[in-house]
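Everything numeric in this text was worked out from a predicted model, so none of it was measured. Excluded from the calculations below are hydrogen atoms, water molecules and symmetry mates; all remaining heavy atoms, backbone and side chain alike, are included. Convention: sequence-line order gives letters A, B, ...; per-chain numbering from 1.
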Amino acid sequence: MLTDNDVCCQAPSQVAVLCLVCRDISSGLHYGIHTCESCKAFFKRSVRRENQGQAPSACRSSGDCPVTWQRKTGCQACRFAKCLAAGMRREAVRPDQTRGGRRSAPTSSSYDERMKQFDGLDFFNRGRENVDTV
DNA sequence: TTTCAAGGTGACC
DNA sequence: GGTCACCTTGAAA
Ligand SMILES: [Zn+2]
Ligand SMILES: [Zn+2]
C-alpha cells in the first residue's frame with residue numbers, strides 16, 4: 001500500500017553530474033569538486049601516499065600522456081595531475097582519520113574560481129620541484 | 001532529525 | 001596490487 005508518503009516525492013530528478021576528472025557519473029562533491037567514487041578513492045590513496053613520504057609513480061613521459069580517462073588505469077601520475085587540475089584539494093584530505101568533519105560549506109562550485117586562483121597548471125611548476133617533506 | 005561528504009572497508013579486476 | 005563501489009561515521013544545517 002502506498003497511499004501517501006511512502007515512495008512518492010524523493011528526488012525524482014536525478015541529474016547525472018559528471019565527474020570533472022574522468023567524466024564518469026559523480027556520486028557528489030568530493031574534495032571540492034564533483035568526483036566519482038573511483039577518483040575519490042584514488043585521490044585519497046595518492047595524497048595519503050605523499051603523506052607517507054613516498055613519491056607517486058612518475059610518468060614515463062613528460063606528464064603529458066594521451067590519457068583519455070575513459071580508461072583510468074593509464075598513468076597514475078597523469079590521473080593525479082588531472083585530479084589537481086580539476087580542482088581537487090589535498091587539504092580536503094584529512095591528515096587524521098577523522099570521518100565526517102564537514103569543514104565549512106563545500107562551496108558547491110569552485111572549479112573555475114579555483115583555476116583562476118591557482119593559475120591553471122602552475123601546480124605542476126611548483127609541485128614538481130618540491131614533492132614535499134612533510 | 002536530516003543531509004553531505006569524508007573515511008573505512010571490502011569485493012572485484 | 002590497484003580499482004571500484006557501498007557502508008559507516010560524524011559534524012553542520
Ligand atoms: Zn572520476
Ligand atoms: Zn602519464
Interatomic distance where CE belongs to Met88(A) and P belongs to dA5(B) [whole Å]: 13 Å
Qualifying residues under ring-ring contact (aromatic ring centres under 6.0 Å, His included), relative to Phe43(A), sequence neighbours excluded: Tyr31(A), Phe80(A)
Nearest listed nucleotide, side chain of Ser38(A), among dA5(C), dG8(B), dG7(B): dA5(C)
Nearest-Å distance for atom pair NE2/C1', residues His30(A) and dT3(C): 15 Å
d(CZ, Phe42(A); P, dA5(C)) in whole Å: 15 Å
Under-4.0 Å side-chain N/O to phosphate OP1/OP2 contact, Arg45(A) with dG2(C): no
Gln97(A) vs dG8(B): side-chain N/O to OP1/OP2 distance below 4.0 Å: yes
For nucleotides 7-9 of chain C, list the nitrogen or oxygen atoms of the protein found under 3.5 Å from its nitrogen or oxygen atoms, one pair per line.
unit_1	atom_1	unit_2	atom_2	d
dT9(C)	O4'	Arg99(A)	NH1	2.9

Distance-minimising heavy-atom pair for Cys39(A) and Thr35(A): CB-CB, 4.0 Å
Gap between atoms CD and P, on Gln76(A) and dG1(C) respectively (whole Å): 14 Å
Shortest non-hydrogen separation from Ala86(A) to Leu20(A) and the atoms involved: CB-O, 3.9 Å
From SG (Cys19(A)) to NE2 (His30(A)), nearest 0.5 Å: 9.0 Å
For Arg48(A), side-chain contact (heavy atoms from CB on, under 4.5 Å) partners two or more places apart: Lys44(A), Gln52(A)
d(CG, Leu29(A); P, dA6(B)) in whole Å: 8 Å
Euclidean distance, atom CD of residue Glu91(A) to atom C1' of dA5(B) [Å, nearest integer]: 15 Å
Euclidean distance, atom NE2 of residue His34(A) to atom P of dA6(B) [Å, nearest integer]: 11 Å
Distance below 4.0 Å between Tyr31(A) side-chain N/O and dG7(B) OP1 or OP2: yes
Separation of dC4(C) P from Lys44(A) NZ (nearest whole Å): 14 Å
By side chain to side chain donor-acceptor pair (under 3.5 Å) - contacts of Ser27(A) (at least two apart): Glu37(A)
Of Gly28(A) and Ala41(A), the one whose closest DNA chain B nucleotide lies more 5': Gly28(A)
Nearest heavy atoms of Lys82(A) and Val21(A), plus distance in Å: CE-O, 3.5 Å
Touch class at under 4.0 angstrom, heavy-atom based, for Thr98(A) against every strand present: sugar-phosphate
